[in-house]
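Below: one structure, written as structure tokens.
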Amino acid sequence: MNDWQRKSPLDWETYVNKMVKVAAIEKHEYEGWVLTVDPVSASIVLATFLENEKVSISVVLGHAVQEVEILKEGDDEMKQRLSCIFAPEESKAYSPEELEKRKNNLKTWLETNHIPVTEQGESGRTLCVAGVLTIDAPYGPEECSSSNEIILSRVQGLIQGYLEKQQ
């Protein structure tokens with residue numbers, strides 16, 4: 001186990017949203033913005049911005065990492081660009097304020113209809129219904145996720161009906 005793998009997730013988190021140079025085994029070097037570090041394998045996910053707004057994603061496996069050097073801190077604009085890389089296309093059409101409003105309106109409607117709902121995740125962006133179903137931004141039926149197909153189908157139908165009434 002190398003020094004990188006011995007670090008804790010809190011240590012790895014300090015590298016997120018920063019431009020780094022990763023020295024790996026066999027004299028390989030990688031540069032990019034750290035999107036995340038896998039807490040199990042210590043693998044680093046790097047993003048590199050190309051021309052035409054395209055993004056290249058590369059993963060450096062944790063066991064191959066020898067040294068990680070921070071080259072540059074990410075500003076707020078870069079953090080926003082990085083956070084949107086894996087966001088669904090639909091959610092990009094909404095501003096953070098609009099997404100918050102959609103989330104709060106849906107949560108209020110679910111509570112009004114006696115459906116237990118909570119917010120979860122580090123920023124409270126995910127709604128959790130009855131502890132068995134989650135709804136992510138932009139809070140439509142397609143963003144519902146549950147291992148219980150009956151609950152999934154019913155809640156998706158409720159949300160579809162709610163959204164149709166809103167238009």
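These numbers were taken from a predicted model, which means no experiment stands behind them.
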If I take atom [atom1] from residue [X] and atom [atom2] from residue [Y], how far apart are they, to the nearest 0.5 angstrom?
| X | Y | atom1 | atom2 | result |
| --- | --- | --- | --- | --- |
| Tyr139 | Arg125 | OH | CZ | 5.5 Å |
| Trp33 | Ile85 | CH2 | CD1 | 11.0 Å |
| Glu67 | Glu29 | CD | CD | 9.0 Å |
| Leu133 | Cys128 | CG | SG | 7.5 Å |
| Gln160 | Leu158 | CD | CG | 11.0 Å |

Which pairs would a plain distance check flag for residues 68-83, meaning a side-chain donor or acceptor within less than 3.5 Å of a matching protein atom at least two apart in sequence or in another chain?
from	atom 1	to	atom 2	distance (Å)
Asp75	OD1	Glu77	N	3.4
Asp75	OD1	Met78	N	2.8
Ser83	OG	Lys79	O	3.4
Ser83	OG	Gln80	O	2.9

Side-chain donor-acceptor pairs of residues 6-18 under 3.5 Å, sequence neighbours excluded:
from	atom 1	to	atom 2	distance (Å)
Arg6	NH1	Met1	O	3.2
Arg6	NH1	Asp3	OD1	3.1
Arg6	NH2	Met1	O	2.6
Ser8	OG	Leu10	N	3.4
Ser8	OG	Asp11	N	3.3
Ser8	OG	Asp11	OD2	3.4
Asp11	OD2	Ser8	N	3.2
Trp12	NE1	Trp4	O	3.1
Thr14	OG1	Asp11	O	2.5
Lys18	NZ	Thr14	O	2.5

Item to check | Pairwise side-chain contact, Leu99 with Pro96, heavy-atom cut-off 4.5 Å (strictly under) | outcome: no
Next on the checklist: I'd like to check Ser43 versus Val37 (side-chain heavy atoms, cut-off strictly below 4.5 Å). Are they in contact?
Outcome noted: no
Next on the checklist: Given Lys107, which partner from the list Val117, Ile135, Ile115, Thr112 fulfils the side-chain contact (heavy atoms from CB on, under 4.5 Å) test?
Outcome noted: Val117
Item to check | Result of checking Thr36, Val55, Leu35 against Phe86 for side-chain contact (heavy atoms from CB on, under 4.5 Å) | outcome: Leu35
Closest non-hydrogen atom pair, [X] against [Y]:
| X | Y | value |
| --- | --- | --- |
| Asp38 | Ser41 | OD2-OG, 2.6 Å |
| Ile159 | Cys144 | CD1-SG, 3.6 Å |
| Gly62 | Gln5 | O-CG, 3.7 Å |

Test of understanding: clusters of I, L, V, M, F, W, Y form through side-chain heavy atoms closer than 4.5 Å, transitively. Do [X] and [Y] belong to the same one?
| X | Y | value |
| --- | --- | --- |
| Val45 | Val60 | no |
| Leu61 | Val65 | no |
| Val22 | Phe49 | no |

Checklist entry - Passes side chain to side chain contact (heavy atoms under 4.5 Å, CB included), Val20 versus Glu31? Steps please. => result CA-CA 6 Å; Val20 298; Glu31 270 190 34; over 6 Å; no
Item to check | Candidate pair Ile44 and Val34, rule side chain to side chain contact (heavy atoms under 4.5 Å, CB included), full reasoning | outcome: CA-CA 7 Å; Ile44 305 171; Val34 178; 4.2 Å; yes
Checklist entry - More than 12 heavy atoms of other residues, nucleotides or ligands under 6.0 Å from CG of Leu50: is that the case? => result yes
Is the backbone of [Y] close enough, under 3.5 Å, to the side chain of [X] for a donor and an acceptor to pair up by distance?
| X | Y | result |
| --- | --- | --- |
| Gln156 | Pro141 | yes |
| Asn52 | Lys54 | no |
| Asp136 | Ser145 | no |
| Asn2 | His63 | yes |
| Glu164 | Gly161 | no |
| Thr126 | Gly121 | no |

Next on the checklist: Working note: Ile57 + Leu46, criterion side chain to side chain contact (heavy atoms under 4.5 Å, CB included); need CA distance, chi angles, decisive distance, verdict.
Outcome noted: CA-CA 6 Å; Ile57 303 294; Leu46 298 174; over 6 Å; no
Checklist entry - Can Glu100 and Lys103 be counted as an ion pair, charged N to O under 4.0 angstrom? => result yes
Checklist entry - Are a donor atom and an acceptor atom from the side chains of Asn105 and Thr108 found within less than 3.5 Å of each other? => result no
